[in-house]
Each structure stands twice: as C-alpha cells, then as structure tokens.
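Heads up, the thing below is written out as structure tokens.
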There are 4 protein chains.
Amino acid sequence: MPTPDPGRRNERARRAVLDAALGLLPETGYADLTVEAIAARAGVGKQTIYRWWRGKGAVILDALVEAVTAAGPVALPDTGDLRTDLRAVVRSTVAEFADSQLSATTRALTIETLADDALAEQARDRLLRPQLDAVKDRLRAGQHAGQVRAEVDLDQAVELLFGPIYHRWLLRTGPLTDDYADSLVELALAALAP
Amino acid sequence: MPTPDPGRRNERARRAVLDAALGLLPETGYADLTVEAIAARAGVGKQTIYRWWRGKGAVILDALVEAVTAAGPVALPDTGDLRTDLRAVVRSTVAEFADSQLSATTRALTIETLADDALAEQARDRLLRPQLDAVKDRLRAGQHAGQVRAEVDLDQAVELLFGPIYHRWLLRTGPLTDDYADSLVELALAALAP
Amino acid sequence: MPTPDPGRRNERARRAVLDAALGLLPETGYADLTVEAIAARAGVGKQTIYRWWRGKGAVILDALVEAVTAAGPVALPDTGDLRTDLRAVVRSTVAEFADSQLSATTRALTIETLADDALAEQARDRLLRPQLDAVKDRLRAGQHAGQVRAEVDLDQAVELLFGPIYHRWLLRTGPLTDDYADSLVELALAALAP
Amino acid sequence: MPTPDPGRRNERARRAVLDAALGLLPETGYADLTVEAIAARAGVGKQTIYRWWRGKGAVILDALVEAVTAAGPVALPDTGDLRTDLRAVVRSTVAEFADSQLSATTRALTIETLADDALAEQARDRLLRPQLDAVKDRLRAGQHAGQVRAEVDLDQAVELLFGPIYHRWLLRTGPLTDDYADSLVELALAALAP
DNA sequence: AGTTAAACGAGACGGTACGTCAGGTCTTCGC
DNA sequence: GCGAAGACCTGACGTACCGTCTCGTTTAACT
C-alpha cells in the first residue's frame, strides 16, 4: 500500500472531514465519537478517512491544529509588567479548561495522546508548543529585565505556571477561576523573582 | 434484579479478576484491554465482572486501590528539614512517572478518569487524596515551623509541587529525573518560603 | 475458535435466519442478497449467522433443505405404467424450472454450488439425491418389469431424463413446457426400452 | 457521455485486458476475480475496462469468444458413421468438462450466465451455438442417411447428448471419462435410431 | 442433612463499530 | 480526447467486544 499521492487529494473532502469531526465532538463526546459517524456527517467514504488518517485521534488533532493555526500566530502581550502579562495568559488558560465545551476537546485529545505516542508528539509540537513558547519568550524578556532570576530554567518556569492547572483539571481538586489564576501567578512569581 | 448480595460474593473470583486485570494491563495496554480478556484470564464468566463492576475502568481502579492500600498507610518522613522531605517525595513521584510499567497504569487510570466523572471522583478520593494529604500535612508542619509563608494555600502548594510533573509527563516535554525533581523542589521552596 | 456448542443454539434465531433468507431471496435476487440484510430481516446479530454458517450460501442451502424436508419424503407414483410415471415427474421438474420463483432459488444454489465444492456436495446429497434416487427406484422397478433394458446404467438413465432440462434451462435454448417434457420422456424411453 | 468512439479504441489495451482476464481466471478462481486485479495485471486504468465492458462477466465472455474464434470455425467430422463422429465430439466435450483448467472457465461463465440474462444470451449465441449447430448439422445428415428417425427434433437430440454431461458436471454425480462418453452416445443413439 | 436461592462458569445472543475490500464513477494528467 | 492512474463515495465484508441473557453447576445459608 504505497502512500497515496497528496497532490491528488480532494480538498473538499479534507475540509468536510475536519469540520464534521469538530462538529460531532461536542455532540457525542470523544469516547462515543466514531469514524463511521464522521464519515457519514462529512458525506465521505470511510476509506477516504482511513486513506489519509490513522484513526479518529489523528483526525481530531488535525482539526484542532487547523482551527488553532487559523486563529493566527500566538503572541503574548508585553506591557512591561510581567505580573500583568502572566495574569492575562494564565487567566485565559484557566478559563479554557473551565469552559466545558473547550474542555471536552482538550479531554479528547489528552485521551488519545495517552494511548498513542506518535500522536502525543504531534499534539505537543503542533498544538501546544507555540503556546508554551510564547510564554517562554515573555519570561525570557522578563529575565533580561531582571524580573526573573537568571539561573531559572525557563521550561521549568512554564511548567510551574501551567502544570498546576493540569493537575487541578485532571483531578478536579478545586475550582478553575480567575482568582485561582491570579494566586497561581503570585506563587509562580514568588518562585521566579530574584 | 436489585443489587447483588455482597455477603455471598466469591472472594476467589474477586481476586482472580483484579489480578488478571493488573496482569493484562502492561501486556496489552489500557486501550486494548477488554472485559472479555479479563474474564478469560481470570477464568470467570463475564457476568461475574458486570455483576460487581461497571466496566473495565472500575475494575482497574479497584485493583489499583487494592494494590496501594496493601502497601500500608502513606506517611511522609518529617526530618525537620522541609527541603529534604520534599525532595524525597518528589523524587519518588517523578520516578514513578518515569517507570514505564507504573506509568502504564497511571496512564490507564487517567484515560478512564477523563472519560468518566464518577470514576474520576473515586480515583481522586481513594487513590490520590491520601498521597496528597500526606504532603499537605508535611507542608502544614513546615508552615508552623515558619518555613512556609502563613498565607499560602496549601492545596495550591501541593499542586505547585506535583502539577509540573503531570505537565511534563503528559506532554513529554523533558526528562523525569532526580535532578529535575530537585530543581522542582527548589522552585517550589522559593515560592513558598517567607 | 472451537466449534460452538449446538446444544446451546437458539432455535428461534435459527428459524428467523432461515425464514429471512428464504423471504429475501425472491425480493433481491441471489447476487444482491447479503448476510447483513438477512441478519437485519431476521432481527439477529451478524455474528449469530457467522457462528453457525459459513456464509450466505450455506444459509440458503439449509433453508432449502429444511423447506424440502418439511414437505415430507419423496416418492414417485408407481402406476405400473412407466411412461405415465415418468411423464408426471418430468413434467413437474420442467414446471419447477419454468417457474420464475422456484427457478430463482435453484439459480441461487447453482451459483453457490459452482463456487464452493463443499457446498456442492451438501446440495447434491441433501437436496437432489433423494429426488434422483426416487426416479432411479422407479426405473429399477421398470427394469424388473422388462420395460427398461437390463444392461442400462440407471444413474445414466436418470441423467438422460434430467440432463436435457438443465441444458435447456442454463442455455435458455427453448421453452420449458409440458409438451417438451412429454417428448423428452419419449426420447428417453426409446433409449431405455428393450 | 454517449458510447465512446470505437474508432479511437486502443487495441493494445483491449488485448492486455483480455489476456489478463484469461490469465487470472485459473489463478484466483472466478468468484475472487476482480476488475481491479484485471486492470492492475493489464497495466490499464479501471475506467478503461468500464468504458468498454459492463463488468468482469463481459470481459471474460469476450476473452473466451476471442479464444474460441481464434481456433477457427467449428466443424464436425463426417466419416459417414454417426456413432464414430458422435463419440469423437462427445468424448472431447466430456474431456473439456473434466479438465480442471478449462472447467474453471466454463464454471466462471456459467455463474455469470446465471446472474445476467443479457450475458447469457451472448454466451449462448456467440460461444455455444456454433458448437451445438455443428452437432445438429451432423445429426441432420444422419437423419437424411436414415440413421436418425425423421420425426426427432434435432434440438432435443443435441440436448440429449450434452444435457447429461452438464448434469453430471454440475452435480458431480459421477466420473467424466471416455467410457462415460461412449455409453452416453450408445444411449443417445438408441433413442434416435429408427 | 436437605433444601433452596444466589452466585458462579460458560457462552450464545442482538448490537455497534471496526478496518478492509471491491464496485463503479469522477478527476487529473500526459500523450 | 483517449488512456493511465488513482482518489472518490458506497456498501458489504467478516471480526471483535459490548453488555444482557439464559443455561446448568457449585456453594453456602437456612431450615
């Protein structure tokens, strides 16, 4: 089965599949989402899906990447005040996890990610990395400005900011509110500041 | 067909199911684990599983709770030095996530947890809470000893310690080593110290 | 996959499948008959069909055998006059092939028979043999009565009577009427008579 | 999209398709023969097959007609001795059905013929009729020579000769040997002779 | 000790979705 | 504009498990 020729790919079919997948996700939930349903909704043969994707996980990932990249490049505001900027990004991240609609999507992808290493890599590099890198860049600027200790590993700093959110989201150990976001930023700043 | 009588439950069957589940998990991976396979391996009728559990997720959860509880009550050392004690617990947690065998189990439970709220609660309360509470207790002691700021929310403090590990584990963004554990503790201590 | 235990077989499901198959056959034609449709019509899972039969051919065969056996044992009249008796059986056979309903069934089975040796054997032994043997018995009686030459091979005699019908049916080279049946009997008798 | 212009037809493609079909037939058996496989083997697009033929049945038929007509016009020997001449043709027909290679082809065509009336006509007229007519001609000569009763319907006579062979072949009720052919001729002659 | 009702093993059942295969149509090139 | 190549939609294939439902067969509590 020689890989199919991407040059001959039907763009309409591709779009229809991605749209159908994104549309079905909140309706049925990820666990009950089936390739068959995506194909039906998209008006596409199942084979057309299996020709271009490895399964529903890959479809969802592509759909999300598409949706995110369509939103344009990620960039953090740099008001000069690190606290303000971090509050903005952490608040919006917390809100994203709190939103049941968006959260469903994240949940879907996380499940698939846990079961498929190749997919996990893709999700990390194509979806999350740009987000995380943007934060990292802002922190680097803060480092140059003397608001973050020079010896801090910025990757760890990013994880310090977002890891607790994942923890609370996965374990449902507390509310995901703006207040929570703010106090999280305070803790993180305390850890990073000179 | 009301709830079956737990008094008449066959202990041997229960054990066989839990053992079979735990045994199959690393062999097939969680996604490919089936109730049918568990029943076959356990030499048990499928109905016996469905009589006592809601599905494979519930079986796995029970199996893990059993395994953990067998290990005895959780308690953190209190050497008086907070840094030392936290290093110990964070190192061991990181090691647990790094171990591919144990990690598979965690992965399994996380997947099920993401797809089933009731199960998530159970997992949180019966499996994780004891762990987290132990750490929280140690931090409270530190607070009394003046090593942790009084106004710090200890739940958040715990999340600050373990959240980054989840982040790194889920996203595979870096190595899970003792060094990493130590520097994580440093960051956290910086955040918590007066 | 050790053969399933026939003792546990569900008779209702068996009947439903056979009835559905027989009912669908004239509606869709054999070529367009699908296992899926049989299962749906019978209100049965596909697996239940595949558990007990090798495919649609085997189902149809069973259905026909059942239908034929239900009609009771085959026996030719023996009026003493061989010509009369043969005319009766040949006429009815010709009529059977002429009838588009019955013919569809025969056609179905013949197709499957041509593509599956094991099925061919079954069809021959369970469906046709009784018919042919009955004729053979009648011819043997004629032989004893001196109406058929002693040295004639009775199997060949039977083939001489029915072979031409198959020929005309397969090749559609002429009408299948009572007149045809009668003149066929005349030819055959001329061949067999002393 | 009316019928394509036969003038522009690519002869090489036509030949390749027919050869591929004939070559694949004994390898895969008729039931498992696919248009896709024929196209692949012939190095031809599927559409090229569907443009010129209605399906695999039509391809096979054309291939066989081609093969037979290539062998030149059919003619029966007329040695003056009807028995001798019939033995020759019946023996060769029996041998043809006995040969597993040739038989596969006949089987293929018979299946298709049973499922497609239009094809059945074509097969009868273009493939079989010449054969049967040749025998009929020889019988007519015998009739003129007084070896066959005048009132015998020659079409039926032909069927009397070949029908039993079909019967035995379809039902696998006995061997297809020269001896069988000879005794079949004897029976037929007994039926036809004055 | 004998009775009886439940849990048990086994596995057939009606279903749903899987991932594959081929059918027949449509589209894109190159000649 | 035919022909090659092959992607497309369709729909059946045969398989794997689901969770439910009988079946006898233990097994353990109550006569």
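Keep in mind the model is a prediction, meaning the values are calculated, not measured. Letters A, B, ... mirror the listed sequences (proteins, then strands); counts begin at 1. Just the heavy atoms: all of them, side chains too, but no hydrogens, waters or symmetry mates, feed the values below.
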**Short N-O contact, D125(D) and R172(C), less than 4.0 angstrom** = no

**Spacing of R54(C) atom CZ relative to dC13(F) atom P, expressed in whole Å** = 15 Å

**Protein-to-nucleotide contact annotation, 5' to 3' order, nucleotides 8-18 of chain E [B base; S sugar-phosphate only; - none; under 4.0 Å, heavy atom]** = BSBBSBBB-BB

**Prompt:** Got a salt bridge between R12(D) and D19(D), using NZ or NE/NH1/NH2 to carboxylate O under 4.0 Å?
**Reply:** no

**Message:** I'd like to check the side chain to side chain donor-acceptor pair (under 3.5 Å) partners of R107(C); sequence neighbours left out, ordered by chain and number.
**Reply:** none

**Message:** So, taking the atom named CD1 in I60(C) and the one named CG in L24(C), what distance separates them when rounded to the nearest 0.5 Å?
**Reply:** 8.5 Å

**Message:** Can you tell me how far apart CD (E27(C)) and CG (L22(C)) are? Round to the nearest 0.5 Å.
**Reply:** 11.0 Å

